[in-house]
Amino acid sequence: MKIGIIGAGNIGGNLTRRLTALGHDVSVANSRGPETLKDLAEETGATAVTAAEAARGARIVVVTVPLKSVPDLPSGILDGATDDVAVIDTGNYYPQQRDGRIAAVEDGLTESRWTEQQIGHPVIKAFNGTYAQDILDKGRPQGTPGRQALPVAGDDPAAKQAVRDLIDQLGFDTVDAGGLDESWRQQPGTPVYGNRGDAQAITKALADASPERTAEWRA
């Protein structure tokens, strides 16, 4: 499968490593230009590209940049992707630590719905509460007892299934976390954020979430 990854930080870099190892054709971009990704490209066999090129021909595109940087992504970022492209948003709102105040999110819009509005395409929220190192170390074969599970939220059933299938390839179970308006259940500060539990534990953590954003995660 052709996969575009926009953002080469901890999550983006480790997804590049694992997905190329699984045989996928990965293009990876960052904000500084493909020449700065030479080492990652040589290590993994991925193709370093500009952000505007990352989605070309891609069936899955991963947007994994700081939330404050999403509006700065090139216009038409998904031009050239397949008609049925699934877009994964791994982002989190860190107002005090990094992003500053984003009024719509402070007013209750879910973080991924805001990202969706910025890029003009539906997104699937996944990997946002996952430790980057776990992507490399914690994957296990399907059916392994206690296999770590990741929550996945989104409105498009076909796109959500494509993302869940990809996560299964990476060695993790998934839990359907509902539509994107329910994705507050996996935002920072919720019981599922950073939770390494199995599918049963993740299901319970999602159910136990409160929609009220705690002070640590407000501007």
Side-chain angles (χ1 to χ4, degrees), residues 1-67 69-92 111-128 130 132 135-136 139 150-172 174 180 183:
M1 187 189 304
K2 186 154 187 359
I3 298 173
I5 298 179
I6 302 170
N10 293 333
I11 294 286
N14 284 352
L15 284 174
T16 299
R17 292 178 177 94
R18 289 287 288 115
L19 292 170
T20 52
L22 289 168
H24 294 290
D25 177 6
V26 177
S27 294
V28 61
N30 64 9
S31 61
R32 295 176 294 150
E35 65 281 356
T36 66
L37 295 170
K38 182 175 178 236
D39 289 347
L40 182 63
E42 289 179 352
E43 174 194 343
T44 62
T47 303
V49 296
T50 66
E53 298 169 322
R56 288 183 187 169
R59 171 68 177 91
I60 290 179
V61 173
V62 183
V63 177
T64 181
V65 301
L67 210 67
S69 299
V70 171
D72 299 328
L73 291 171
S75 177
I77 191 79
L78 298 173
D79 290 354
T82 63
D83 290 341
D84 59 349
V85 63
V87 180
I88 300 174
D89 169 36
T90 77
N92 292 304
E111 296 164 12
S112 286
R113 185 69 78 192
W114 183 84
T115 294
E116 178 180 272
Q117 292 177 358
Q118 304 309 305
I119 67 173
H121 193 282
V123 302
I124 305 296
K125 189 176 190 72
F127 296 110
N128 73 291
T130 308
I135 294 169
L136 298 182
L150 309 184
V152 179
D155 299 331
D156 181 333
K160 186 186 283 186
Q161 191 60 53
V163 173
R164 296 181 73 178
D165 289 346
L166 188 71
I167 293 171
D168 180 54
Q169 288 182 38
L170 288 164
F172 301 92
T174 57
L180 212 60
S183 64

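None of these values were measured; they are calculated from a predicted model. Heavy atoms only: backbone and side chains are in, while hydrogens, waters and symmetry mates are out.
In terms of modelled atom types and a separation under 3.5 Å, the side chain of T82 and the main chain of A58 share a donor-acceptor contact. Not one N or O on the side chain of N128 forms a donor-acceptor pair closer than 3.5 Å with the backbone of N92. Side chain of R59 to main chain of D84: a donor-acceptor pair is present (N/O by atom type, distance under 3.5 Å, no hydrogens or angles). Between the E116 side chain and the V123 main chain, a donor and an acceptor come within less than 3.5 Å of each other. A donor-acceptor pair is defined here as one N or O able to donate and one able to accept, closer than 3.5 Å; no such pair exists between the side chain of R17 and the backbone of L136. The closest donor-acceptor contact from the side chain of N30 to the backbone of G33 lies under 3.5 Å.
Rounding to the nearest 0.5 Å gives a distance of 9.5 Å between OG1 of T50 and CD1 of I6. Separation of atoms CG (D79) and CZ (R56) is listed at 9.0 Å; rounding is to 0.5 Å. A distance of 7.5 Å separates CD1 in I3 from CD1 in I88, rounded to the nearest 0.5 Å.
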Side chain to side chain contact (heavy atoms under 4.5 Å, CB included) assessment of L40 paired with V28: CA-CA 9 Å; L40 182 63; V28 61; 4.3 Å; yes
Check against side chain to side chain contact (heavy atoms under 4.5 Å, CB included), V70 and E111: CA-CA 11 Å; V70 171; E111 296 164 12; over 6 Å; no
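L22 has its side chain out of reach of L166: every pair of non-hydrogen atoms, C-beta onward, lies at least 4.5 Å apart. In this structure the side chain of L15 reaches within 4.5 angstrom of the side chain of F127, judged on heavy atoms. Inter-residue side-chain proximity for V61 and H121 is flagged as unmet; no heavy-atom pair is nearer than 4.5 Å. Contact check for P122 versus V87: no side-chain heavy atoms found under the 4.5 Å cut-off. You'll find the side chain of L150 stays beyond 4.5 Å of the side chain of L170, heavy atoms only. Counting heavy atoms from C-beta outward, L67 and W114 have side chains that approach closer than 4.5 Å. Side-chain contact between Q118 and I77: absent, with no pair of heavy atoms (C-beta onward) separated by less than 4.5 Å. When side chains are defined from C-beta on, V63 counts as touching L73, because their heavy atoms get closer than 4.5 Å.
By the neighbour-count criterion of 12 heavy atoms within 6.0 Å, atom CG of N10 is sparsely surrounded, having that number or fewer from other residues, nucleotides or ligands.
Side-chain atoms of D165 and Q169 form no donor-acceptor pair, as typed in the model, at a separation below 3.5 Å.
When all heavy atoms of L78 and A55 are compared, the pair lying nearest together is CA-CB, 4.0 Å. In plain terms, the two heavy atoms of S112 and D89 that are nearest each other are OG-OD2, 2.6 Å. The heavy-atom pair separating I124 from K160 by the smallest distance is CD1-N, 3.8 Å. Shown here for V163 and A126, the closest heavy-atom pair between the two residues is CG1-CB, 4.2 Å. The nearest pair of heavy atoms linking K125 to S183 is CD-CB, 3.7 Å. Counting all heavy atoms, side chain and backbone alike, A46 lies closest to T16 at CB-CG2, 3.7 Å.
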